[in-house]
**Q** 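Once you've had a glance at the structure underneath, I'll fire off some questions.
None of these values were measured; they are calculated from a predicted model.
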Amino acid sequence: MQVAGPGPCFTSSKVGGAEGTKLDDDFKEMEKKVDVTSKAVTEVLARTIEYLQPNPASRAKLTMLNTVSKIRGQVKNPGYPQSEGLLGECMIRHGKELGGESNFGDALLDAGESMKRLAEVKDSLDIEVKQNFIDPLQNLCEKDLKEIQHHLKKLEGRRLDFDYKKKRQGKIPDEELRQALEKFEESKEVAETSMHNLLETDIEQVSQLSALVDAQLDYHRQAVQILDELAEKLKRRMREASSRPRREYKPKPREPFDLGEPEQSNGGFPCTTAPKIAASSSFRSSDKPIRTPSRSMLPLDQPSCKALYDFEPENDGELGFREGDVITLTNQIDENWYEGMLDGQSGFFPLSYVEVLVPLPQ
């Protein structure tokens, strides 16, 4: 699941000033409450996304992958790499290496499967929170609060127009001044109505907050159940291991080693003359070995970069390479990721793993 970061929901335009037509205190108080609501929604959205996806590097990479998926027309987007899932994969890999005869290996397999189940439950939490908490709040930002901002800006413009014409009273027709006043009062009423409706229906935000808590409760209930089952498995393994007789280590008997009779003065080992290697036409000391072309010897007449470290692909579409490889650059996805080609394979890779030799044309 990719969760887009929230932009600023609403920046209130302060209406009224030391001169000209002033707005009443009730209007200013209402405007202040809307402004505080907007700031609260914006920051809560940002912190909720950090709570669900705490690794900023993974969030940035996920955003890039989803951008690439959209460019390529791919329907299924990669999900956020949950830390529980990464831990589970690590445990399973090493558990298999230790084998079935190892108590620790079997326990790692049990724990790894449980961690992967936790990651799946965490994915479900992400989806629930996005649908029932993040999306409604983002809609509040992008629709209701933006609409209020529009009305307040329009009100400010009409207030300035009315004040300007009021100063020219007597020089302009009275009808023109009356129309300016009507437009100002109309905009004030529209702005007041939109702010009132937002503040009076804030129980909707309480409902969305309740949905967040319900999703968290469901996640933690399932997590407790998974961990309880894992704890019982591990305790059962400990009981079974303690009931089995312990195998004692019995070293193998050493075989006698006969050095034989001493024949030389160097400790019994005869000296032998190293065989001479005859020079041939196939190799001479003055000849240099012929180097075959490698992936690090590509022509540099096109945009390219050199790998500083090995990069192992983790997702579809990524390009793997080894330290020293020279990669042809074809596109820059964003400030952190490039797309390139190596040995006929195309894919994207992080900028931090390479040194740009020939930059892409601007």
Side-chain angles (χ1 to χ4, degrees), residues 1-8 45-46 48-90 92-93 116 119 122-123 126-127 130 134 138 142 288-362:
M1 176 199 72
Q2 180 194 12
V3 183
L45 271 174
T48 303
I49 292 169
E50 291 176 7
Y51 160 72
L52 293 174
Q53 301 176 351
N55 189 324
S58 295
R59 287 202 307 271
K61 183 176 181 179
L62 182 61
T63 301
M64 183 277 301
L65 291 174
N66 280 277
T67 301
V68 172
S69 296
K70 289 180 180 178
I71 294 173
R72 296 180 174 179
Q74 297 172 346
V75 177
K76 187 176 180 181
N77 296 332
Y80 180 82
Q82 303 292 356
S83 56
E84 295 89 346
L86 298 176
L87 176 59
E89 290 173 2
C90 171
I92 290 173
R93 183 172 67 255
K116 291 182 71 174
K122 189 71 175 293
D123 284 337
D126 287 4
I127 294 170
K130 183 179 185 300
I134 292 177
Q138 285 183 332
E142 296 166 2
K288 294 183 180 179
I290 300 172
R291 296 184 63 183
T292 57
S294 69
R295 301 198 298 181
S296 61
M297 299 174 62
L298 298 176
L300 299 181
D301 58 349
Q302 55 187 334
S304 58
C305 62
K306 184 176 182 180
L308 299 175
Y309 321 99
D310 293 353
F311 177 65
E312 296 292 341
E314 297 179 358
N315 299 280
D316 291 340
E318 293 182 346
L319 179 67
F321 48 76
R322 299 297 178 192
E323 179 183 352
D325 287 350
V326 175
I327 306 155
T328 302
L329 295 176
T330 58
N331 187 27
Q332 182 166 1
I333 304 299
D334 57 24
E335 67 272 13
N336 298 314
W337 288 80
Y338 273 127
E339 186 171 18
M341 291 189 67
L342 179 65
D343 291 343
Q345 299 293 323
S346 176
F348 44 89
F349 52 89
L351 174 61
S352 58
Y353 278 68
V354 300
E355 174 189 3
V356 176
L357 301 176
V358 181
L360 287 161
Q362 298 294 326

**Q** Restricting to non-hydrogen atoms, name the atom on Leu45 and the atom on Gln138 that form the minimum distance, rounded to 0.1 Å.
**A** CD1-CG, 3.7 Å

**Q** Can you measure from CG (Leu52) to CD (Gln82) and round to the nearest 0.5 angstrom?
**A** 8.5 Å

**Q** Locate the shortest heavy-atom distance separating Gln332 from Leu360; write the atom from each residue and the value.
**A** N-CD1, 3.7 Å

**Q** Would you say the side chain of Thr328 lies within less than 4.5 Å of the side chain of Leu342, judging by non-hydrogen atoms?
**A** no

**Q** Can you name the nearest heavy-atom pair linking Val358 to Gln302, along with the distance?
**A** CB-O, 3.4 Å

**Q** Output the distance between atom NZ (Lys130) and atom CD1 (Ile49), rounded to the nearest 0.5 Å.
**A** 9.0 Å

**Q** For residues Pro303 and Pro361, report the shortest heavy-atom separation together with the two atoms involved.
**A** CG-CD, 3.9 Å

**Q** Any side-chain donor paired with an acceptor under 3.5 Å for Gln53 and Asp126?
**A** no

**Q** Per the side chain to side chain contact (heavy atoms under 4.5 Å, CB included) rule, which among Val354, Asp325, Val356, Leu357 passes with Lys306?
**A** Leu357

**Q** Kindly determine whether Phe321 and Phe311 satisfy ring-ring contact (aromatic ring centres under 6.0 Å, His included), including the steps that lead there.
**A** CA-CA 5 Å; Phe321 48 76; Phe311 177 65; 5.6 Å; yes

**Q** Side chains of Glu84 and Lys122: does their closest heavy-atom pair fall under 4.5 Å?
**A** yes

**Q** Taking all heavy atoms of Leu319 and all of Gln345, pick out the closest pair and write down the distance.
**A** CD1-O, 3.6 Å

**Q** Would you give the length of the straight line joining atom CZ of Phe348 to atom OG1 of Thr330, rounded to the nearest 0.5 angstrom?
**A** 11.5 Å

**Q** To check you understand the geometry: which heavy-atom pair defines the closest contact between Leu329 and Cys305, and what is its length?
**A** CD2-SG, 3.6 Å

**Q** Is there a donor-acceptor pair closer than 3.5 Å between any side-chain N or O of Asp310 and the backbone N or O of Arg322?
**A** no

**Q** First locate atom CG of Asn331, then atom OG of Ser346, and finally report the distance between them rounded to the nearest 0.5 Å.
**A** 9.5 Å

**Q** Test Glu318 against Trp337 for side chain to side chain contact (heavy atoms under 4.5 Å, CB included), laying out the working first.
**A** CA-CA 10 Å; Glu318 293 182 346; Trp337 288 80; 3.9 Å; yes

**Q** Hey, what's the ring geometry for Phe349 with Tyr338, parallel, tilted or perpendicular (30° and 60° as the breaks)?
**A** tilted

**Q** Starting at OG of Ser304, measure out to CE of Met341 and round the result to the nearest 0.5 Å.
**A** 13.5 Å

**Q** Under the salt bridge (Lys or Arg N to Asp or Glu O under 4.0 Å) rule, collect the residues that match up with Glu335, sequence neighbours excluded.
**A** none

**Q** How far does CD1 of Ile333 sit from CG of Leu351, to the nearest 0.5 angstrom?
**A** 12.0 Å

**Q** Can you tell me if Tyr309 has over 12 outside heavy atoms packed within less than 6.0 Å of its OH?
**A** no

